[in-house]
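What follows is a short report on a single structure.
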Amino acid sequence: TNSGATTTAHIENTISVDAGVRPGYTFTGWNVTGTDALSPNPQVSFVMPNNNVTLNATWSANNYTVDVVGSYAFTSGATSSAHINDMITINAGARAGYRFTGWSSTNTNVVFDNPSSSYTTFTLSGPVITSMGLDNTVRITANWEAIDYLVVINNTTPNTPNITNA
């Protein structure tokens, strides 16, 4: 049934209700006025009494773990209690000899505010969906690239030195 849906029913009619699915949330039961308590299932039926009935589906937000991989910051932003629509701050820190190249995630519902900044925020806009399906862990990766440094060698004899770059 749609949220806020209203219908009329006659006394002794059987009424069937389905709370549906709310991405990022778990159905926890029904708050009921006007009839006996209902089972805690999302699909329920009851016999209409001789008065008005109001049903409110109740939900709890799912907890997601944020795993920040490749961060060199003291505080990376990793957490064990993120929810849908939370804004989470992440920090890649600094890595000697490397340049930060951006953030990435295998989760299709992560929206970075500035993916090229080592310090940014992201919003988890929906359930954690990866190529493997639903997951409870959001994996964020700080990506790095090695910096090329110049090697200068002076005052050598011709044809020397022999330089090897491993």
Does the side chain of Met48 reach to within under 4.5 Å of the side chain of Val53, using non-hydrogen atoms?
yes

Would you kindly say whether Thr58 and Thr28 are connected by a side-chain donor-acceptor distance under 3.5 Å?
yes

What are the two closest non-hydrogen atoms of Ile88 and Ala82, and how far apart are they?
CD1-CB, 3.5 Å

Closest heavy-atom pair, Ala9 versus Ile15, reported as atoms and distance to 0.1 Å, is CB-CD1, 3.4 Å

Is there a side-chain contact between Trp103 and Thr120 (heavy atoms, below 4.5 Å)?
yes

Side chain proximity check, Tyr72 to Tyr98, heavy atoms < 4.5 angstrom:
no

Atom pair CG/CG of Leu55 and Asn31 - distance to nearest 0.5 Å
9.5 Å

Minimum heavy-atom distance Ala57-Phe27, with the two atoms named
CB-CE1, 3.8 Å

Considering all heavy atoms of both residues, which atom of Val44 and which atom of Asn41 are nearest to each other, and what is their separation?
CG1-O, 3.3 Å

Check each of Val66, Asp113, Asn107 against Phe122 using the side chain to side chain contact (heavy atoms under 4.5 Å, CB included) test, and report the only one that passes.
Val66

Taking Ser105 for its side chain and Val110 for its backbone only, find out whether a donor-acceptor pair lies under 3.5 Å.
no

Under 4.5 Å between side-chain heavy atoms, hopping through other hydrophobics if needed: is there a path connecting Val69 to Trp144?
no

What verdict does the side chain to side chain donor-acceptor pair (under 3.5 Å) test give for Asn62 and His83, after you've listed the backbone C-alpha separation in whole Å, the side-chain angles of each residue and the deciding distance to 0.1 Å?
CA-CA 6 Å; Asn62 295 343; His83 304 98; over 6 Å; no

Check: Thr54/Asn56 side-chain N/O donor and acceptor closer than 3.5 Å
no

Can you check whether Val47's main-chain N or O pairs, donor with acceptor, with Thr14's side chain at less than 3.5 Å?
no

Approximate separation, where rounding is to 0.5 Å, of Ser45 OG and Asn13 CG:
12.0 Å

Quick one: pull up OH in Tyr119 and CZ in Phe100 and give me the separation to the nearest 0.5 Å.
13.0 Å

Taking the side chain as everything from C-beta on, heavy atoms only, tell me whether Phe112 gets closer than 4.5 Å to Ile140.
yes

Can you list the residues that meet the salt bridge (charged side-chain N to carboxylate O under 4.0 Å, His left out) rule with Glu145, with sequence neighbours excluded?
Arg99

Closest heavy-atom pair, Phe46 versus Val17, reported as atoms and distance to 0.1 Å, is CE2-CG2, 4.3 Å

Using only atom types and a distance under 3.5 Å, with no angle test, would you say the side chain of Asn51 pairs donor to acceptor with the backbone of Gly34?
yes

Looking only at the side chains, is there a donor atom on one of Thr101 and Asn143 sitting less than 3.5 Å from an acceptor on the other?
no

Polar side-chain atom of Asn109 near backbone of Leu124 as donor-acceptor pair, under 3.5 Å
no

Can you confirm whether the side chains of Thr65 and Thr137 place a donor and an acceptor under 3.5 Å from each other?
no

CG (Asn52) with more than 12 external heavy atoms under 6.0 Å:
no

Ala73 and Asn91 have their tightest heavy-atom pair at CB-O, 3.4 Å

